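Here's the structure, in structure tokens; my notes come after.
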Amino acid sequence: SIIRSCILHAYPIAPGADPQRAREALEATYAEQARSLLGETLVAEPEAIARAIDERAAAGANYFLFYIPRIAYEQEPFARLTKMLSERYA
């Protein structure tokens, strides 16, 4: 069987947080890299990220890799993502 992998650049924000403000903070941090890196990054609440996962799974992806900017400095986005993944897909 063929494994169809998919990379999802994501930055999980707290429910009710402003995605535009979060994106601007990331852009300020990454400066030059921001345009290429963050252009692909889904800055959204975990439920929106789950919908993106479901869309890709429906298209045939069955293996996901996640890239979360600033994971070494901010563990909250990772905690949000893992909580959503364990609640929804475990």
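The basis for the numbers below is simple: all heavy atoms, side chains too, and nothing from hydrogens, waters or symmetry mates. Computed from a predicted model, the values in this text were never measured in an experiment.
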Atom of Phe64, atom of Ala57 and distance for their closest heavy-atom approach = CZ-N, 4.0 Å
Please identify each residue that fulfils side-chain contact (heavy atoms from CB on, under 4.5 Å) with Phe78, with sequence neighbours left out.
-> Ile68, Ile71, Thr82
Taking all non-hydrogen atoms of both residues into account, name the closest pair between Ala50 and Tyr89 and its distance.
-> O-OH, 3.2 Å
Listed partners of Glu55 passing side-chain hydrogen bond (donor to acceptor under 3.5 Å, both in side chains), at least two apart | none
Going by heavy atoms in the side chains, are Phe66 and Leu85 under 4.5 Å from each other?
-> yes
Mind checking what makes side-chain hydrogen bond (donor to acceptor under 3.5 Å, both in side chains) contact with Glu47, not counting sequence neighbours?
-> Arg88
Nearest heavy atoms of Val43 and Arg23, plus distance in Å = CG2-NH2, 3.7 Å
State the CG-CG distance between Leu81 and Leu8, to the nearest 0.5 angstrom.
-> 8.5 Å
Ignoring hydrogens and geometry, is there a side-chain-to-backbone donor-acceptor pair from Glu45 to Gly16 under 3.5 Å?
-> yes
By side-chain hydrogen bond (donor to acceptor under 3.5 Å, both in side chains), which residues pair with Arg51, not counting sequence neighbours?
-> none
For the residue pair Ile13 and Pro46, what are the closest heavy atoms and their distance?
-> O-CD, 3.4 Å
Minimum heavy-atom distance between Ala17 and Pro19, given as atom pair plus value = O-CD, 3.2 Å
Under the side-chain contact (heavy atoms from CB on, under 4.5 Å) test, residues paired with Ala79 that sit two or more places apart | none
Where at least one partner belongs to residues 72-84, residue pairs that pass salt bridge (Lys or Arg N to Asp or Glu O under 4.0 Å), sequence neighbours excluded | Arg70-Glu74, Lys83-Glu87
Provide the closest heavy-atom pair for Pro69 versus Tyr11 in the form atom of the first, atom of the second, distance.
-> O-CE1, 3.7 Å
